[in-house]
Participant: 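Next up is a structure, given as structure tokens.
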Amino acid sequence: MKASSLAKLIFPVLIIAAVVVVIMMFNDSDSVDLGERKTVAETSIGTDGGSISVDDPELEGFEMSIPEGAYDEAVDFVISVAEIKSHEHGDAFQPITPLITIENDRKKADKPLALSIPITIDTETEFAMAFYMDIETGKLEAIPSVDLKNDGIDILTTHFSSVVVSKITVEELERAYLSSGTSVDSGFVPGTDDWSFVNYGSVIAPYGHCAGQAITMGWYYTEQKGALGEESLFTRFDNNELEATPDFWEDDSLGYRFASVIQATIDWEAEAFHEFLDYSSTYNDAKIKQSFAYAMLMTGEPQFMGIYERDMDGNRTSGHAILAYKVTQHRIYVADPNYPGQDDRFVEIDGNHFNDYSSGANAEDISTNGAIAYNDFVFIGTWALVDRDTIADRYDEVKDQTIGTDLMPTITLEYLSVYNAENIDDHTWELLDRQLVLNQDEHNPNMPAALKDTVLLSVSTGYSDVAIFLYRDNQLIDGPYLPDDDGYVYFEATLEQGDNTYGVLAMHDDGSDYRYSDFKRLRVHYTGETNTDDDSVVCFLDNEPPYPQFDGNFWGTYRFESHANDNPEPKYAYLTFYSMDENPDHPTNYLFFEYETPDGYKNTTEGRWQIVLYETYHVLEFWEPDRSFLHASYRLSDDYTYLYQLDEEGETQSTYVKIFCD
């Protein structure tokens with residue numbers, strides 16, 4: 001990734017955007033016992049912004065700053081507190097503030113609001129962190145801090161919920177991971193719980209979707225596998241839940257589009273991102289490691305990490321997103337979207353200083369320009385970029401296979417089910433999902449000779465700059481092609497008895513590179529008896545003189561030509577065109593198109609001819625032997641009994657010749 005583009009691409013977080021439902025009533029849960037709720041401040045803040053202070057002894061010194069433009073109308077705030085009398089989070093959770101709830105009718109701010117929460121700790125020997133707490137479940141969620149002092153902790157947020165600050169001694173925290181063989185471990189395992197595809201980016205995330213990939217795999221591990229017992233993510237959506245294709249990532253379109261959509265959901269230009277990075281720079285590496293360890297210790301969840309490269313002047317020039325899942329004495333182990341399945345990647349800390357970590361903005365950038373040595377590390381948390389509800393809603397779209405249809409070019413796949421020889425505009429096309437069953441005995445009689453044992457596919461995305469590729473199984477066999485004027489790309493897919501597996505890949509063509517958009521699998525189950533006796537595809541017979549004239553220049557003799565369905569080479573062929581002078585009895589510059597016949601007749605081939613599908617009709621083309629020059633093109637009628645002259649624009653002229661067949 002070029003330096004000029006990087007600053008605006010990495011982690012412009014709306015700190016903190018983790019949405020935990022605002023609690024309107026204080027009810028004890030099985031894991032937390034709360035005292036009586038007490039209102040300590042209430043006021044209205046207009047569009048010009050302002051501040052709210054608390055004088056109550058239980059929260060004296062609390063202040064919230066609302067910048068101008070945070071809201072587009074006046075908002076009423078109510079701040080209340082309740083004592084946490086008991087909890088079931090263990091000895092490591094030591095609340096040093098009451099539970100603070102800020103209500104404002106759930107209105108999310110357009111700019112981050114700064115909260116200064118008074119606490120009393122000794123930062124030399126103690127560490128503190130703010131947490132969201134779900135009152136009904138007692139569940140905790142770590143909030144990244146922008147500053148930690150002996151008398152207070154500062155955070156930024158764009159929404160409000162119930163917040164509590166907890167402390168732990170540095171000695172106790174470090175005891176969890178400093179001793180040899182010990183660690184703070186979320187249980188997340190690369191190769192089991194991360195995505196199996198590599199971060200190459202897409203049409204809506206051209207510089208990579210590392211953040212979307214890290215966020216969604218962390219969310220799935222917590223909310224689906226952990227909470228609901230769903231199967232592990234690594235193979236869950238491989239080939240969109242069809243037969244696994246672990247060495248072919250392009251068919252993982254549901255997961256790939258999920259990561260891209262979440263990446264695109266984040267406001268990468270948000271002012272909050274830059275403010276957060278400025279504040280977070282005051283944290284040293286030791287405090288950053290403590291943040292990951294304490295957050296993981298209290299929540300049991302992997303945590304989002306932002307990593308950056310700084311130049312000689314201290315400016316951030318590149319960034320990347322990874323997911324931290326385990327903290328040991330000298331390492332924070334990470335799942336890197338550029339290296340899926342690798343469980344030996346880690347950020348190493350030497351004393352109180354992180355060593356450089358090697359990766360890149362995306363896998364293609366690493367391959368092209370080499371890896372980047374990232375030297376700046378930031379604790380982002382779990383849901384600091386996108387809230388849980390948004391991710392859950394998008395995951396529902398993954399399950400119903402509609403993910404990304406509102407943001408990305410999406411493949412529509414059809415096949416020709418009824419061929420109309422009289423009028424190609426009256427062909428019948430049917431939408432395809434994943435499976436198609438064709439009976440050869442019913443399909444072939446409805447098709448012209450060239451489409452027997454073949455399914456004609458049409459592919460569209462609604463975009464003229466999206467190229468289409470055709471795969472058989474996992475091998476590219478045709479393309480890329482941009483759509484014709486009608487908006488479609490057409491493919492002839494040859495069928496064999498039994499299951500035939502094809503795939504269609506859509507990539508946005510920006511003129512210099514292809515960007516991933518969509519992939520669809522198609523399995524065609526083909527049944528019926530193969531008729532090898534009827535192998536006629538195209539046939540020509542001698543025309544009696546005078547030879548038929550195509551356009552005033554070419555005259556021709558046409559002999560029988562045929563080939564078997566399973567053999568593309570002609571059995572019989574003899575086709576000669578003559579370029580004539582004014583006197584048709586004196587042909588000049590004749591071109592031979594001749595092949596060996598079963599009786600041994602053979603003549604030198606001085607040109608090549610081929611039949612090519614153009615939109616929904618076929619064209620007979622005549623080429624030089626090296627295929628460097630196209631001599632002429634003739635459109636074949638649907639029943640292959642007529643040739644129509646085509647002009648340079650591909651339009652059909654009125655002259656034609658009838659070709660007689662047995």
Side-chain angles (χ1 to χ4, degrees), residues 1 6 9-13 186 188-222 232-238 246-250 252-266 268 301-309 318-326 332-347 357-374 377-378 380-386 391 394-395 398 403-404 515-516:
M1 184 184 295
L6 295 173
L9 293 174
I10 308 299
F11 308 116
V13 290
S186 67
F188 185 100
V189 178
T192 299
D193 298 310
D194 57 342
W195 289 110
S196 60
F197 52 78
V198 179
N199 166 42
Y200 284 108
S202 68
V203 62
I204 59 172
Y207 299 100
H209 45 68
C210 53
Q213 199 165 332
I215 289 169
T216 50
M217 64 191 185
W219 176 87
Y220 185 91
Y221 177 75
T222 301
S232 298
L233 182 63
F234 195 77
T235 57
R236 170 70 190 275
F237 294 102
D238 184 4
D247 298 324
F248 186 75
W249 66 268
E250 289 90 339
D252 301 349
S253 60
L254 293 177
Y256 206 90
R257 285 159 69 94
F258 187 25
S260 292
V261 167
I262 295 302
Q263 179 88 18
T265 299
I266 303 165
W268 295 112
E301 300 176 0
Q303 302 293 313
F304 196 91
M305 178 186 286
I307 59 176
Y308 307 90
E309 178 190 30
S318 177
H320 182 45
I322 52 182
L323 191 69
Y325 63 86
K326 182 169 69 174
I332 299 179
Y333 282 84
V334 298
D336 191 329
N338 292 330
Y339 303 97
Q342 295 191 14
D343 61 2
D344 57 352
R345 299 195 69 82
F346 52 82
V347 177
Y357 175 79
S358 176
S359 190
N362 58 65
E364 183 179 3
D365 193 56
I366 295 173
S367 177
T368 303
N369 302 313
I372 294 171
Y374 292 105
F377 305 86
V378 179
I380 303 292
T382 309
W383 315 118
L385 298 175
V386 184
I391 302 171
R394 289 301 195 176
Y395 180 65
V398 172
I403 182 68
R515 300 294 181 187
Y516 187 91

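One-based numbering along the sequence shown.
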Participant: Which distance, rounded to the nearest 0.5 Å, do you find between the OG1 of Thr216 and the CG of Leu233?
Facilitator: 7.0 Å

Participant: Can you tell me how far OH of Tyr200 sits from OG of Ser367, rounded to the nearest 0.5 angstrom?
Facilitator: 7.0 Å

Participant: So, do Lys326 and Ile332 sit near enough that their side-chain heavy atoms are less than 4.5 Å apart?
Facilitator: no

Participant: Contact between Ile380 and Val378 at the side-chain level, heavy atoms closer than 4.5 Å - yes or no?
Facilitator: yes

Participant: Answer yes or no: is there a donor N or O on one side and an acceptor on the other, between the side chain of Gln263 and the main chain of Ala205, under 3.5 Å?
Facilitator: no

Participant: Return yes if some donor-acceptor pair links the side-chain N/O of Asn362 with the main-chain N/O of Gly201 below 3.5 Å, else return no.
Facilitator: no

Participant: Using the test salt bridge (charged side-chain N to carboxylate O under 4.0 Å, His left out), find all partners of Glu364 that sit at least two apart in sequence or belong to another chain.
Facilitator: Arg515

Participant: Is there a side-chain contact between Thr222 and Pro302, using heavy atoms and a 4.5 Å cut-off?
Facilitator: yes

Participant: Can you give me the closest heavy-atom contact between Ala373 and Glu309, atom names plus distance?
Facilitator: O-CG, 4.1 Å

Participant: With a 4.5 Å cut-off on side-chain heavy atoms, are Ile215 and Ile391 touching?
Facilitator: yes

Participant: In this structure, which one of Asp365, Asn199, Asp336 forms a side chain to side chain donor-acceptor pair (under 3.5 Å) with Ser359?
Facilitator: Asp336

Participant: Which salt bridge (Lys or Arg N to Asp or Glu O under 4.0 Å) pairs, counting each pair once, include a residue from residues 255-264, with sequence neighbours left out?
Facilitator: Arg257-Asp518

Participant: What pair of heavy atoms forms the shortest contact from Ala264 to Ile204, and how long is it?
Facilitator: CB-CD1, 4.0 Å

Participant: Ignoring hydrogens, what is the shortest heavy-atom contact between Val261 and Gly404? Give both atom names and the distance.
Facilitator: CG2-CA, 3.7 Å

Participant: Determine the interplanar angle of the Phe258 and Tyr395 rings, folded into 0 to 90°, and report it as parallel if under 30°, tilted if 30 to 60°, perpendicular if over 60°.
Facilitator: tilted

Participant: Minimum heavy-atom separation for Pro246 to Asp238, with atom names?
Facilitator: N-OD2, 3.5 Å

Participant: Are Asp252 and Ser196 close enough that some pair of their side-chain heavy atoms sits under 4.5 Å apart?
Facilitator: yes

Participant: Do His320 and Ile322 have side chains that get closer than 4.5 Å, going by heavy atoms?
Facilitator: yes

Participant: Centres of the Phe346 and Tyr333 rings: under 6.0 Å?
Facilitator: yes

Participant: Please assess Tyr516 against Val203 for the test side-chain contact (heavy atoms from CB on, under 4.5 Å), listing each intermediate value before the final yes or no.
Facilitator: CA-CA 6 Å; Tyr516 187 91; Val203 62; over 6 Å; no

Participant: For Tyr308 versus Gly319, what's the shortest heavy-atom pair and its separation?
Facilitator: CD2-CA, 3.9 Å

Participant: Shortest non-hydrogen contact from Arg345 to Ser358?
Facilitator: NH2-O, 2.6 Å

Participant: Name all residues meeting the salt bridge (charged side-chain N to carboxylate O under 4.0 Å, His left out) criterion together with Arg394; count only those two or more places apart in sequence or in a different chain, and write none if there are none.
Facilitator: Glu397, Asp406

Participant: Considering only residues two or more places apart or on different chains, which pairs with a residue in residues 198-220 satisfy salt bridge (Lys or Arg N to Asp or Glu O under 4.0 Å)?
Facilitator: none

Participant: I'd like to check the ring-ring contact (aromatic ring centres under 6.0 Å, His included) partners of Phe377; sequence neighbours left out, ordered by chain and number.
Facilitator: Phe354

Participant: Is a donor on one side and an acceptor on the other found under 3.5 Å between the side chain of Gln213 and the backbone of Ala321?
Facilitator: no

Participant: How are the rings of Trp195 and Phe237 set to each other: parallel, tilted or perpendicular (split at 30° and 60°)?
Facilitator: tilted

Participant: Residues two or more places apart in sequence or in another chain: which of them pass ring-ring contact (aromatic ring centres under 6.0 Å, His included) with Phe188?
Facilitator: Tyr221, Tyr325

Participant: Less than 6.0 Å separating the ring centroids of His209 and Tyr256?
Facilitator: yes

Participant: For residues Leu323 and Val334, determine if any side-chain heavy atom of one lies less than 4.5 Å from a side-chain heavy atom of the other.
Facilitator: no

Participant: Using modelled atom types only, decide if a donor and an acceptor are shared between the side chain of Asp193 and the backbone of Pro190 within a distance under 3.5 Å.
Facilitator: no

